Engineer: 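Could you have a look at this structure, given as structure tokens, before my questions?
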Amino acid sequence: MQIGFKLAAEAFGPNELVRQAVRAEAAGFDFIEMSDHFHPWLDNQGHSPFAWTVLGTIAARTERIGLATGVTCPIIRYHPAIIAQAAATTALLSDGRFTLGIGSGERLNEHIVGAEFPPVRVRQRMLREALEIIRLLWRGGYRSYDGRYLSLSDARVFDLPDTLPDIAVAAGGPNAAVIAAELGDGLFATEPKPELVQAYRQAGGQGPRYAELGVAFAPTEEEGAEAALSTNRWSVGGWKVLSELPNPVNFAAATTTVRIEDMLDGFVCGNDPERYVKAVREYTDAGYDRVVLMNAGPDMDAFFDFYAGELDPLLRAGS
């Protein structure tokens with residue numbers, strides 16, 4: 001089992017994200033995972049820097065900790081050729097510590113280029129083509145590709161690492177889990193759903209299984225839930241909502257009825273290490289071996305101290 005830390009790029013500026021990554025390495029986390037958004041979920045989060053610039057800086061400022069995107073959409077806002085190049089460069093800068101997390105995206109980030117945001121069945125077909133293009137470019141040489149949705153013309157990525165990055169494919173349902181097994185090196189989820197792991201394995205997937213766990217570290221459960229409600233109430237809407245709304249103002253409107261009680265149900269709130277351990281175990285029992293902690297609490301440095309001093313020793317002792 002590995003424990004990761006989620007860099008919430010929607011809630012912090014680029015310099016603070018780099019600082020948090022350095023602190024996460026010192027606190028003992030195995031890897032950091034960073035979202036790749038154009039917009040934040042809510043306006044009051046207030047940030048959304050360019051993920052690849054931040055990741056390159058983190059690679060230069062750290063030595064041990066793994067890096068991952070959680071996740072990048074390579075089908076609309078980006079062409080997969082650009083992601084193939086960006087991921088290869090990040091892998092070189094990090095000396096092989098990078099994992100490329102890939103998904104079919106959200107309207108929130110992809111509509112900004114003025115292109116249609118297609119239904120999920122089409123996005124998954126596009127994702128298959130994008131993964132094929134990335135794999136093709138990573139074989140070296142000049143490459144072309146003619147797909148139903150995406151194409152490539154006489155392109156070459158010149159700077160390739162000797163060991164290519166793993167690709168972890170995000171899945172909210174069994175169809176995407178099959179794509180992860182067939183075209184990826186790992187699975188990425190946002191909930192402890194054992195059925196996704198089962199679908200991934202039945203389709204032949206044997207790689208790492210990533211999943212995110214929402215936490216809100218604070219002196220009390222109520223303080224943690226209040227902080228999570230302010231900046232992370234968007235997360236309780238479910239994937240049908242998360243993937244379809246176009247702007248932060250829409251997420252604000254859609255979450256006006258979310259309550260403190262909802263955050264207490266959806267997040268591990270407070271400072272009881274046993275509750276955190278129990279929540280992590282729920283994920284590992286469901287078959288996930290890379291658990292990413294996304295902290296929505298009010299004091300990030302206090303959370304790093306808590307992880308290093310109390311939580312990490314407990315998790316390692318039980319792994």
Side-chain angles (χ1 to χ4, degrees), residues 1-2 4 31 33 35-36 68-81 83-84 87 98-110 116-139 143 145-152 164-213 235 237-244 282-292:
M1 178 184 68
Q2 292 187 12
F31 64 96
E33 172 220 313
S35 49
D36 183 358
T69 47
V71 294
T72 287
C73 175
I75 60 175
I76 301 174
R77 175 170 49 115
Y78 296 125
H79 188 279
I83 298 304
F98 179 67
T99 295
L100 176 60
I102 287 286
S104 58
E106 308 96 7
R107 190 184 300 273
L108 174 72
N109 305 299
E110 306 309 313
E116 176 190 2
F117 188 70
V120 65
R121 67 183 185 279
V122 175
R123 299 201 305 271
Q124 289 183 349
R125 294 176 197 148
M126 295 175 72
L127 185 63
R128 279 186 172 274
E129 292 189 5
L131 287 163
E132 289 173 354
I133 287 172
I134 292 169
R135 296 289 193 193
L136 184 65
L137 286 168
W138 283 359
R139 286 163 53 185
R143 301 290 178 174
Y145 179 96
D146 295 305
R148 180 177 178 182
Y149 304 99
L150 298 169
S151 60
L152 185 73
L164 294 169
D166 283 343
I167 300 176
V169 179
N175 291 337
V178 171
I179 296 175
E182 293 178 351
L183 294 172
D185 303 298
L187 176 72
F188 189 99
T190 56
E191 299 176 84
K193 292 182 176 180
E195 60 268 25
L196 293 181
V197 175
Q198 292 166 6
Y200 174 68
R201 287 175 167 162
Q202 288 172 359
Q206 299 179 354
R209 286 87 58 200
Y210 293 80
E212 292 183 355
L213 168 60
S235 64
W239 188 246
K240 290 288 187 181
V241 174
L242 297 183
S243 64
E244 294 298 336
E282 182 182 358
Y283 281 73
T284 57
D285 289 346
Y288 297 92
D289 60 357
R290 305 285 192 277
V291 182
V292 186

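Small disclaimer: the values here were computed from a predicted structure and weren't measured.
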Engineer: Any chance you could measure E116, atom CD, to I76, atom CD1, to the nearest 0.5 Å?
Structural biologist: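 One gets 8.0 Å once the value is rounded to the nearest 0.5 Å.
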Engineer: Begin from the C-alpha positions of R135 and I167 and carry the test side chain to side chain contact (heavy atoms under 4.5 Å, CB included) through to its verdict.
Structural biologist: CA-CA 10 Å; R135 296 289 193 193; I167 300 176; 3.7 Å; yes
Engineer: What closest approach, in Å, do S151 and H79 show between heavy atoms, and which atom pair accounts for it?
Structural biologist: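 Here S151 and H79 meet closest at O-NE2, 2.8 Å.
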Engineer: For Y149, which of R128, R125, E129 qualifies under side-chain hydrogen bond (donor to acceptor under 3.5 Å, both in side chains)?
Structural biologist: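 Answer after filtering R128, R125, E129: R125.
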Engineer: Side chains of E132 and Y145: is there a donor and an acceptor less than 3.5 Å apart?
Structural biologist: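 On atom types as modelled, these side chains qualify, holding a pair under 3.5 Å.
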Engineer: Hey, what do you get for CD1 (I102) to CG (D36), rounding to the nearest 0.5 Å?
Structural biologist: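 Result: 9.0 Å between the selected atoms.
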Engineer: Which heavy atom in Y283 sits nearest to a heavy atom in T190, and how many Å separate them?
Structural biologist: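 Closest pair (atom of Y283, atom of T190, distance): OH-O, 4.2 Å.
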Engineer: Can you tell me how far the CG atom of L100 sits from the CD1 atom of I134, to the nearest 0.5 Å?
Structural biologist: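 It comes to 5.5 Å.
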Engineer: Give me the atom names and distance for the closest heavy-atom approach of T69 to G101.
Structural biologist: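 That closest heavy-atom pairing would be OG1-N, 2.8 Å.
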Engineer: Taking all heavy atoms of A130 and all of P80, pick out the closest pair and write down the distance.
Structural biologist: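 Minimum heavy-atom contact is O-CB, 3.6 Å.
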Engineer: Check whether any side-chain heavy atom of L213 sits under 4.5 Å from a side-chain heavy atom of Y288, and report yes or no.
Structural biologist: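 No, every pair of side-chain atoms sits at 4.5 Å or beyond.
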Engineer: From E182 CD over to L131 CG, what is the distance, rounded to the nearest 0.5 angstrom?
Structural biologist: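 Going from the CD atom of E182 to the CG atom of L131 covers 11.0 Å.
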Engineer: Over all heavy atoms of both residues, which pair between P208 and Y200 is shortest? Give the atoms and the distance, please.
Structural biologist: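 So the minimum-distance heavy-atom pair works out to O-OH, 4.5 Å.
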Engineer: Output the distance between atom CZ (R290) and atom CZ (F188), rounded to the nearest 0.5 Å.
Structural biologist: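 It is 12.5 Å, given to the nearest 0.5 Å.
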Engineer: Can you find a heavy atom in the side chain of Q2 that is under 4.5 Å from one in the side chain of F31?
Structural biologist: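 Touching, per the 4.5 Å side-chain cut-off.
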Engineer: Looking at side-chain heavy atoms only, is the closest gap between L127 and V169 below 4.5 Å?
Structural biologist: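 They are in side-chain contact.
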Engineer: Show the nearest heavy-atom pair for residues W138 and A84, with the distance to one decimal.
Structural biologist: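 Scanning both residues, the minimum pair turns out to be NE1-O, 3.0 Å.
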Engineer: How long is the span from the CE atom in M126 to the CG atom in L150, to the nearest 0.5 Å?
Structural biologist: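 Rounded to the nearest 0.5 Å, the CE-CG separation comes to 5.0 Å.
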Engineer: Any side-chain heavy-atom pair from L152 and R143 closer than 4.5 angstrom?
Structural biologist: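 A side-chain contact exists here, since the closest heavy-atom pair is under 4.5 Å.
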Engineer: Could you tell me whether a side-chain N or O of E110 sits under 3.5 Å from a main-chain N or O of R77, the two making a donor and an acceptor?
Structural biologist: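 Yes.
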Engineer: Check this for me, if you would: do K193 and E195 make a salt bridge, where the nitrogen-to-carboxylate-oxygen distance has to be below 4.0 angstrom?
Structural biologist: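 Result for this pair is no, no salt bridge flagged.
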